Asker: 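Before I ask anything, let me first share the structure, which is written out below as structure tokens.
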Amino acid sequence: MSIIRKDSLSPNKARDKTSKAFCIIGNPIEHSLSPIMQNAAFRYMNLNYSYIAFKVTDEELEDAVESLRKINIAGFNVTIPHKVQIVKLLDKLSDEAILAGSVNTVNNEGGLLIGYNTDIDGLMQPIEKRISNFNGIKILILGAGGSCRAALVGLARKKGIESINIINRNKDRLMEVLILGKRLGLNCIPNDYENRARLSEICLSSNLIINTTSIGLRGEKSPIKSDFIHSNTIVFDIVYRPVNTDLIENAKKAGCKIIFGYEMLLTQGYRAFEIWTGLQAPKEIMKQALIGTFGDPK
Ligand SMILES: NC(=O)c1ccc[n+]([C@@H]2O[C@H](COP(=O)([O-])OP(=O)(O)OC[C@H]3O[C@@H](n4cnc5c(N)ncnc54)[C@H](OP(=O)(O)O)[C@@H]3O)[C@@H](O)[C@H]2O)c1
């Protein structure tokens, strides 16, 4: 779906004086970096818009969405744990949000709340910067939650992927993502989470490893050790706080290419901005605002 208007104004020239409110809902939410990133973009583009974070628990989700509807919110982001539950509270979904079964960006289009999944582009664009030809590549995905589903929808756009091994603790969720992968025409292989010898074997034979679990967020050690990682492999940890998770540290020790979680955060944020405003996102401004919060990672 194309959302950039042909008459997009150049950066810093938007000057929309209409006042609009945007927000992010989730729990926990205190550490969200989206307000810093989106407010920097609004300011730079001379838009009289503001973006704040609301803590919303599972029990509060339905009332929260109803309240946002009543105040005619212009748009909002949705983060853990509501990306799947929000779906049934919206009026319409983009095709990719339907496929992924989850939404992280909502746009108010004439009073209707429309759900999008910008995590898909958020995941894919950093990968596409490093891999141009997917023919014959082997991928390992750790985790089977919403982000794994977004990764599968994005990877299904690519031709020639040989296999996607998926490893997850909860077997029911693992089976659900395998069904999705099959429906998308991908060769997905399920694996036992506890079998570390098999994990090592899969890691060493993978061209791309993506951690889509929240392991690392609270300083947990990754099950993927440095000696499981080949130096030719690309390691992508979608956890963005801390920037250098245990998996990223292990990947550095292995001497391989790294994709940081903040790269996904930025890309999904660019897409959300573009959906809300119809304007090209001021990428460098958003990146500088984000990097300013934790320093340039090496
Ligand atoms: N960089 C970005 O822009 C970006 C975007 C989206 C999400 N994220 C991050 O990605 C992570 C996952 O998000 P999500 O929306 O996919 O969450 P989700 O749908 O709740 O899925 C969480 C996944 O993590 C696994 N998991 C959690 N704790 C674990 C542990 N201690 N050991 C093993 N597995 C564990 C779960 O396994 P079980 O099924 O076994 O419970 C599940 O596979 C979060 O940390 C989130 O902050 C980053």
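Counting starts at 1 for both ligands and their atoms, following the listed order. Since the model is a prediction, treat every value here as computed from it, not as a measurement.
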Asker: Measure the acute angle between the ring planes of Tyr49 and Phe42, then classify it against the limits of 30° and 60° as parallel, tilted or perpendicular.
Answerer: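 Geometry flag for Phe42 against Tyr49: perpendicular rings.
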Asker: Scan residues 240-249 for pairs that pass salt bridge (charged side-chain N to carboxylate O under 4.0 Å, His left out), counting only residues two or more places apart or in two chains.
Answerer: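 Output for this query lists Lys221-Asp246.
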Asker: Please check if any side-chain donor atom of Asn187 sits under 3.5 Å from a side-chain acceptor atom of Ser163, or the reverse.
Answerer: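 On atom types as modelled, these side chains do not qualify, holding no pair under 3.5 Å.
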Asker: Taking only distance into account, with no hydrogens and no angle test, what donor-acceptor pairs under 3.5 Å do side-chain atoms of residues 201-208 form with protein atoms, sequence neighbours excluded?
Answerer:
from, atom 1, to, atom 2, distance (Å)
Glu201, OE2, Arg198, NH1, 2.9
Ser205, OG, Glu201, O, 3.3
Ser205, OG, Ile202, O, 3.1
Ser206, OG, Ile202, O, 2.7
Asn207, OD1, Lys138, N, 2.7

Asker: Which of these passes side-chain contact (heavy atoms from CB on, under 4.5 Å) with Ile259: Ile234, Val235, Asp237?
Answerer: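 Testing each of Ile234, Val235, Asp237 against Ile259, the sole residue satisfying side-chain contact (heavy atoms from CB on, under 4.5 Å) is Ile234.
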Asker: I'd like the contact residues of ligand 1, where contact means a heavy atom below 4.0 Å.
Answerer: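 Within the 4.0 Å shell of ligand 1, which is judged on heavy atoms, sit Ile80, Lys83, Asp119, Gly143, Ala144, Gly145, Gly146, Ser147, Asn168, Arg169, Asn170, Arg173, Tyr193, Thr212, Thr213, Ser214, Ile215, Leu217, Ile238, Tyr240, Gly261, Met264, Leu265.
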Asker: Holding to salt bridge (charged side-chain N to carboxylate O under 4.0 Å, His left out), I want the full list of residues that pass it with Lys225, two or more places apart in sequence or in another chain.
Answerer: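 If we apply the salt bridge (charged side-chain N to carboxylate O under 4.0 Å, His left out) test to Lys225, skipping adjacent residues, there are no hits.
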